[in-house]
**Student:** 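The following block contains the structure, expressed as structure tokens.
All of these numbers come straight from a predicted model, not from anything done at the bench.
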Protein chains: 2
Amino acid sequence: MQKTVQKRTLKTRARLIEAAEDVIERNGYQALRVEDVVQAAGVAKGTFFSHFRDKDALMEMLIGERLVACFDQVEQGPVPRTAPEIADALQPIHAFMTSERYVFDLIIRYSGATAITEIGPIARCFERYVRLVAGWLETAKVRKDISPDLLAEGVQAFAIQSMSLKFCALHEAESFSDRLEIYLDAWLTPAN
Amino acid sequence: MQKTVQKRTLKTRARLIEAAEDVIERNGYQALRVEDVVQAAGVAKGTFFSHFRDKDALMEMLIGERLVACFDQVEQGPVPRTAPEIADALQPIHAFMTSERYVFDLIIRYSGATAITEIGPIARCFERYVRLVAGWLETAKVRKDISPDLLAEGVQAFAIQSMSLKFCALHEAESFSDRLEIYLDAWLTPAN
DNA sequence: TGAAAAAAATGACCACGGTCAATTACAAAA
DNA sequence: TTTTGTAATTGACCGTGGTCATTTTTTTCA
């Protein structure tokens with residue numbers, strides 16, 4: 001009935017995370033290999049997997065952390081009131097999400113909590129995105145015939161669409177932010 | 001200077017594809033293992049990789065083929081004229097895309113031609129989606145203050161959003177088609 | 001037809017994520 | 001302090017995608 005957690009555990013876990021962050025700093029997320037991490041942390045491979053379900057679980061944690069930091073930063077800024085201002089305000093979040101193709105793919109993959117997994121930091125960020133934008137929209141100069149929540153979900157959909165296109169060899173004509181602004185303009189502009 | 005293609009090549013390739021389709025029919029796309037395919041086809045593993053760049057390349061081909069068939073089917077049907085009709089008309093495409101989580105993820109991953117890869121069948125389908133919907137929108141009862149192309153891109157964005165949510169443990173309240181209809185209604189309804 | 005060249009196929013091998021029975025370190029009870 | 005149960009760690013091993021030097025088959029051309 002007792003499940004003591006030894007101090008050693010926390011230390012090992014911290015070493016693994018620090019090692020992983022070092023590896024990522026050097027070569028990016030995409031290139032991270034579990035072997036490199038355990039070697040840098042000075043533990044056996046099996047230890048890694050008793051701390052993290054699998055490689056993706058570590059990645060979700062690390063990328064999720066950074067994503068949360070982006071949200072914190074955005075929430076510090078001023079409240080945007082127009083479509084271009086909204087696109088601009090969200091920029092730090094979008095920039096991180098598209099910093100690496102691997103990062104974008106993983107975020108999308110974890111954006112919804114799957115049946116098995118309990119809800120993780122990335123899925124929470126997707127809810128937070130909608131709440132954040134919906135909050136802005138309540139006082140912004142946008143159409144009022146549609147609820148802020150629905151409008152915010154649309155903003156998310158358009159942002160993902162724009163980000164996908166960023167990794168697309170076609171469509172490289174327009175930049176990401178130009179495209180997003182066009183979408184948001186069309187979606188948020190008051191009907192008149 | 002000469003690069004003859006032997007008949008044998010085509011036969012082997014056909015055997016591999018047929019074997020793969022058999023394996024998929026039995027267990028779905030997700031569970032396909034290259035070893036099963038080569039064994040069923042009666043060739044060595046290396047042969048597989050001289051016919052397909054990697055496992056994903058085979059999958060892109062097979063899933064792309066099915067997706068193209070869905071588009072062909074949808075294009076046979078009558079031209080929809082309202083938001084609900086459009087959602088309905090697209091249903092076969094969306095149904096296949098969400099038939100398996102693996103299928104959806106792979107389609108999203110290949111939806112834009114990456115720098116390296118030349119444009120494949122799935123990326124082509126994404127362009128076709130926009131063209132198809134834009135064509136419908138020209139004569140549909142929808143807002144006219146925005147170009148059909150832009151409207152169609154929005155439909156695509158909302159469809160992807162709805163499909164993502166289908167795999168999400170949260171948000172299971174509304175069904176996929178209900179959600180898509182709500183989005184399309186808001187996006188396509190004439191401003192007045 | 002036979003030899004040389006090109007194309008295709010082979011399978012042993014590697015990389016890397018992930019597993020698990022065995023071992024070691026720890027902490028509470030005696 | 002010693003004993004004992006459990007938490008934590010280990011590393012040999014596995015599965016599966018992918019590579020490549022070698023062998024086999026086919027084609028070309030004298």
Side-chain angles (χ1 to χ4, degrees), chain A residues 1-20 22-24 26-63 102-103 105-106 109-110 114 116-117, chain B residues 1-20 22-24 26-63 102-103 105-106 109-110 114 116-117:
Chain A
M1 277 304 111
Q2 50 198 338
K3 45 172 177 175
T4 7
V5 174
Q6 305 180 1
K7 270 179 293 181
R8 184 168 55 141
T9 310
L10 301 175
K11 216 180 267 180
T12 304
R13 192 185 164 85
R15 276 226 308 286
L16 279 167
I17 291 172
E18 196 185 350
D22 280 1
V23 170
I24 289 164
R26 262 200 301 287
N27 309 319
Y29 290 92
Q30 156 75 30
L32 182 138
R33 292 185 314 137
V34 174
E35 286 218 19
D36 291 344
V37 174
V38 297
Q39 188 162 5
V43 300
K45 210 169 181 182
T47 304
F48 180 96
F49 291 98
S50 67
H51 283 267
F52 304 99
R53 191 174 3 80
D54 52 23
K55 182 180 151 178
D56 271 7
L58 169 70
M59 287 309 209
E60 196 203 359
M61 208 203 81
L62 294 177
I63 291 175
Y102 177 86
V103 170
D105 285 348
L106 188 133
R109 205 140 40 78
Y110 278 87
T114 40
I116 308 156
T117 323
Chain B
M1 279 301 109
Q2 49 201 333
K3 46 171 178 177
T4 8
V5 175
Q6 306 178 1
K7 267 179 295 180
R8 182 170 57 143
T9 309
L10 301 176
K11 215 180 264 178
T12 303
R13 191 185 166 85
R15 276 226 307 285
L16 281 167
I17 291 172
E18 196 185 351
D22 281 0
V23 170
I24 289 164
R26 262 200 301 288
N27 309 318
Y29 289 91
Q30 156 77 25
L32 182 139
R33 294 184 312 137
V34 174
E35 286 217 10
D36 291 345
V37 174
V38 296
Q39 188 162 3
V43 301
K45 210 169 181 182
T47 303
F48 179 95
F49 291 97
S50 67
H51 283 267
F52 303 99
R53 191 174 3 81
D54 52 23
K55 182 179 152 178
D56 271 6
L58 170 69
M59 287 310 208
E60 196 204 358
M61 208 201 82
L62 294 177
I63 291 176
Y102 176 85
V103 170
D105 285 349
L106 188 133
R109 206 142 38 79
Y110 278 86
T114 42
I116 308 155
T117 321

**Student:** Could you tell me how far apart Arg53(A) (CZ) and dG18(C) (P) are, to the nearest whole angstrom?
**Tutor:** 10 Å
**Student:** Filter on side chain to side chain donor-acceptor pair (under 3.5 Å), then keep only pairs touching residues 7-16 of chain B, sequence neighbours left out; what's left?
**Tutor:** Gln6(B)-Arg8(B)
**Student:** Please tell me which of the listed nucleotides, dA8(D), dG17(D), dA9(C), lies nearest to the side chain of Val34(B)?
**Tutor:** dG17(D)
**Student:** Restricting both atoms to N or O, compile the protein contacts to nucleotides 11-15 of chain C shorter than 3.5 Å, with distance only.
**Tutor:**
unit_1, atom_1, unit_2, atom_2, d
dG11(C), O6, Gly46(B), N, 3.4

**Student:** Quick check for you: to the nearest 0.5 Å, what is the distance between Leu106(B) atom CG and Leu62(B) atom CG?
**Tutor:** 10.0 Å
**Student:** Can you measure Arg13(B) atom CZ to dA7(C) atom C1' for me and round it to whole angstrom units?
**Tutor:** 16 Å
**Student:** Asp56(A): what forms a salt bridge (Lys or Arg N to Asp or Glu O under 4.0 Å) with it, not counting sequence neighbours?
**Tutor:** Arg109(A)
**Student:** List every contact pair, protein side and nucleotides 21-27 of chain D side both N or O, where the distance is under 3.5 Å.
**Tutor:**
none

**Student:** Among dA9(C), dT9(D), dG17(C), find the nucleotide with the atom closest to the side chain of Thr12(B).
**Tutor:** dA9(C)
**Student:** Does Phe48(A) or Thr9(B) map to a spot on DNA chain C nearer the 5' end, using the closest nucleotide for each?
**Tutor:** Thr9(B)
**Student:** If I take atom CG in residue Asp36(A) and atom P in nucleotide dG18(C), what distance separates them, rounded to the nearest angstrom?
**Tutor:** 15 Å
**Student:** Does the side chain of Val37(B) reach to within under 4.5 Å of the side chain of Leu32(B), using non-hydrogen atoms?
**Tutor:** yes
**Student:** Does Asn27(B) have any side-chain hydrogen bond (donor to acceptor under 3.5 Å, both in side chains) partners at least two apart in sequence or in another chain, and if so, which?
**Tutor:** none
**Student:** Can you give me the closest heavy-atom contact between Ala41(B) and Leu16(B), atom names plus distance?
**Tutor:** CB-CD2, 3.9 Å
**Student:** When the distance from CZ of Phe49(A) to C1' of dG11(D) is rounded to whole Å, what number comes out?
**Tutor:** 13 Å
**Student:** Do you know the tightest heavy-atom contact between Lys55(B) and Tyr102(B)?
**Tutor:** CE-OH, 4.2 Å
**Student:** Tell me: CG of Asp54(A) to C1' of dG17(C), nearest whole Å?
**Tutor:** 9 Å
**Student:** Side chains of Met61(B) and Ile17(B): closer than 4.5 Å at any heavy-atom pair?
**Tutor:** yes
**Student:** Choosing from dG17(C), dT9(D), dG18(D), which nucleotide comes nearest the side chain of Lys55(A)?
**Tutor:** dG17(C)
**Student:** Check the distance between dT10(D)'s P and Glu35(A)'s CD and give it to me in whole angstrom.
**Tutor:** 14 Å
**Student:** Phe52(B): which residues meet the ring pair (Phe, Tyr, Trp, His ring centres under 6.0 Å) condition with it, sequence neighbours left out?
**Tutor:** Phe48(B)
**Student:** Please report the distance, rounded to the nearest Å, between CZ in Phe52(A) and P in dT19(C).
**Tutor:** 15 Å
**Student:** Send over the distance from Leu58(A) CG to dG17(C) P, rounded to a whole Å.
**Tutor:** 11 Å
**Student:** Can you check whether His51(B) has a side-chain N or O nearer than 4.0 Å to OP1 or OP2 of dA8(C)?
**Tutor:** no
**Student:** Under 4.0 Å, counting only non-hydrogen atoms across every strand here, what does Leu10(B) touch: a base, just sugar-phosphate, or nothing?
**Tutor:** nothing
